[in-house]
Amino acid sequence: MDHGAHLRQNTRSLAAEEILFREGESADCAYIIEEGRLEITTQSEGESVFICFLEAGEIVGEMGVIDSAPRTATAKAADPTRLTVVTREQLTERIAQADPILKLLVKILLDRYRSGLNTVKGESPISGDGELISEEVVGEYIHHGIDKIRLEAELKEALKQEQLEVFYQPLLDVQSRKVAGFEALTRWRHPSRGQISPGLFITLAEETSLIVPVGLFVFEQACKTLVEFQSQAGSPEIPIFMSINVSGRQIADPNFIDHAAEITSRYQLDRGQIKLEITESLAVDFELTERWIEHAHELGFQVSLDDFGTGYSSLHTLYRLDLDFAKIDQAFIKPLDDEPRSRELLRGIIRLMRGLGLRIVVEGVERGTQLDYVTELGCDYAQGFLVGYSLNSADALQLLEDGPDLETDAL
Ligand code: C2E
Ligand code: MG
Ligand code: MG
């Protein structure tokens, strides 16, 4: 049979009784049954044994494509049958993109299927060569997959055991040179792995529904701290604000924003002093995000676009979403001292944001020269190691009282 022909055409028709593939042949594509019926049989002790009929909507021949083992059964059209051909490349691409745990699952299911079939047939195991999921790679999947599952269970426990701690990084009011607010940044003090960065565990929490309780925990802590900061520093006219990160999963959760509003009511906070930071990469579901921002505004929250300029569709995002603030990513601040063109780029971005009525925050300010330049460009707030690192609430309060040291560069 010319299997190569299957790769060049994506449908195939069989007359009744026509053979699709025979046991023992090499496998380079699978088929989805569009119409008709296939009879699947296998050889046992020289006899043909009926296994099953497969009907429209089912897939056939995928196992051999995944592990490159020969066909373990014969497929024959029971009625006139039409098939869509699934090429090896189409399967390979999808498997390559899959989550490591799913890859591991496919491998395990395939191994079980093969050994089950061999037991039925009384044969020794057939092994494929050049499997799409090799043993070597499987070792890595097991390592990563299991590690991830373990970490997920530990994160659940961490919430209960209060291993998550919220730190506060100051934001400077560029004109008055005073600390005007803070961003809540979460840390995980793991009992044996040490401090785990939010980049790692927030992503893990986002992949599961854990981001919902983690997000509410952070929100509550940040509100509690804000009450303390407002009562001890700032003034009733210019109260301290708090920026809180909100991930895409939290935006998609229909209850998060209302729960957040309940928390602020419990702490009697003015929601205008809370800025919800959304990341542009996650603001890709425009309609959902647009409605969410509208609801956040009705409740009185402010909304800020985080990490502006690092994802895709950034200008489009800026223009379509009803944002109060945009935070320009640190990638635009880092080269300011050394690359004159980066200064022009930042000047242009800021002019554009102003034109759209946005207030501007810059991230990653580490040197006095960078602060001077963003002051000249009229940014509203500056955040970065020059102003201060992420601090626990006691140290953050101390910084509020003492004021930041803007004379000493961070690097
Ligand atoms: P982000 O919201 O953009 O936070 C700013 C990150 O830049 C923080 O990293 C901060 O420590 C770092 N940073 C601030 N100033 C400077 C500077 O001058 N130089 C340099 N090199 N870095 C600076 P961190 O704390 O590791 O947080 C990473 C990301 O994790 C955050 O990025 C945020 O997207 C996410 N994240 C943190 N906490 C939470 C949380 O509670 N919920 C959610 N959804 N995301 C969170
Ligand atoms: Mg942020
Ligand atoms: Mg950011």
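Order of appearance sets the numbers: ligands from 1, and atoms from 1 within every ligand.
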[options]: member with heavy atom nearest to [atom]:
atom: atom 24 (P) of ligand 1; options: P198, G248, A382; result: P198
atom: atom 44 (N) of ligand 1; options: I333, N245, V362, V387; result: N245
atom: atom 14 (C) of ligand 1; options: E183, Q169, Q330, K327; result: Q169

Looking only at distances, can you tell me whether any N or O atom of T279, backbone or side chain, sits closer than 3.5 Å to an N or O atom of ligand 1?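 Looking only at distances, the answer is no, because the N/O contact criterion of under 3.5 Å is not met.
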Protein N, O or S atoms less than 2.8 Å from the Mg ion (ligand 3), ignoring waters?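 Atoms qualifying: D306 OD1, D307 OD1, E363 OE1, E363 OE2.
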Which ligand 1 atoms, with their elements, are less than 4.0 angstrom from a heavy-atom of S247?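 Near S247, the atoms of ligand 1 are 44 (N).
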Which atoms from ligand 1 have a heavy atom of D306 less than 4.0 Å away?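 Those atoms are 1 (P), 2 (O), 3 (O).
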Between I40 and F50, is any pair of side-chain heavy atoms under 4.5 Å apart?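 When only atoms from C-beta onward are counted, F50 and I40 do not touch, as no gap falls below 4.5 Å.
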Restricting to N, O or S atoms, which atom of E183 is closest to the Mg ion (ligand 2)?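 In E183, the N, O or S atom with the shortest distance to the Mg ion (ligand 2) is OE2.
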Contacts of E228 that satisfy side chain to side chain contact (heavy atoms under 4.5 Å, CB included) - sequence neighbours left out: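 Testing E228 for side chain to side chain contact (heavy atoms under 4.5 Å, CB included), a comparison that skips the adjacent residues, returns Q232, L397.
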Check for a donor-acceptor pair, side chain of Q169 on one end and backbone N or O of G388 on the other, with a separation under 3.5 Å.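 Indeed, once roles are kept as given, a pair shorter than 3.5 Å links the two residues.
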Less than 3.5 Å apart, any donor N or O on the side chain of E183 or N245 sitting next to an acceptor on the other?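 There is such a pair between these side chains.
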Are any N, O or S atoms from N245 nearer to the Mg ion (ligand 2) than 2.8 Å?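 It does; at least one qualifying atom falls short of 2.8 Å.
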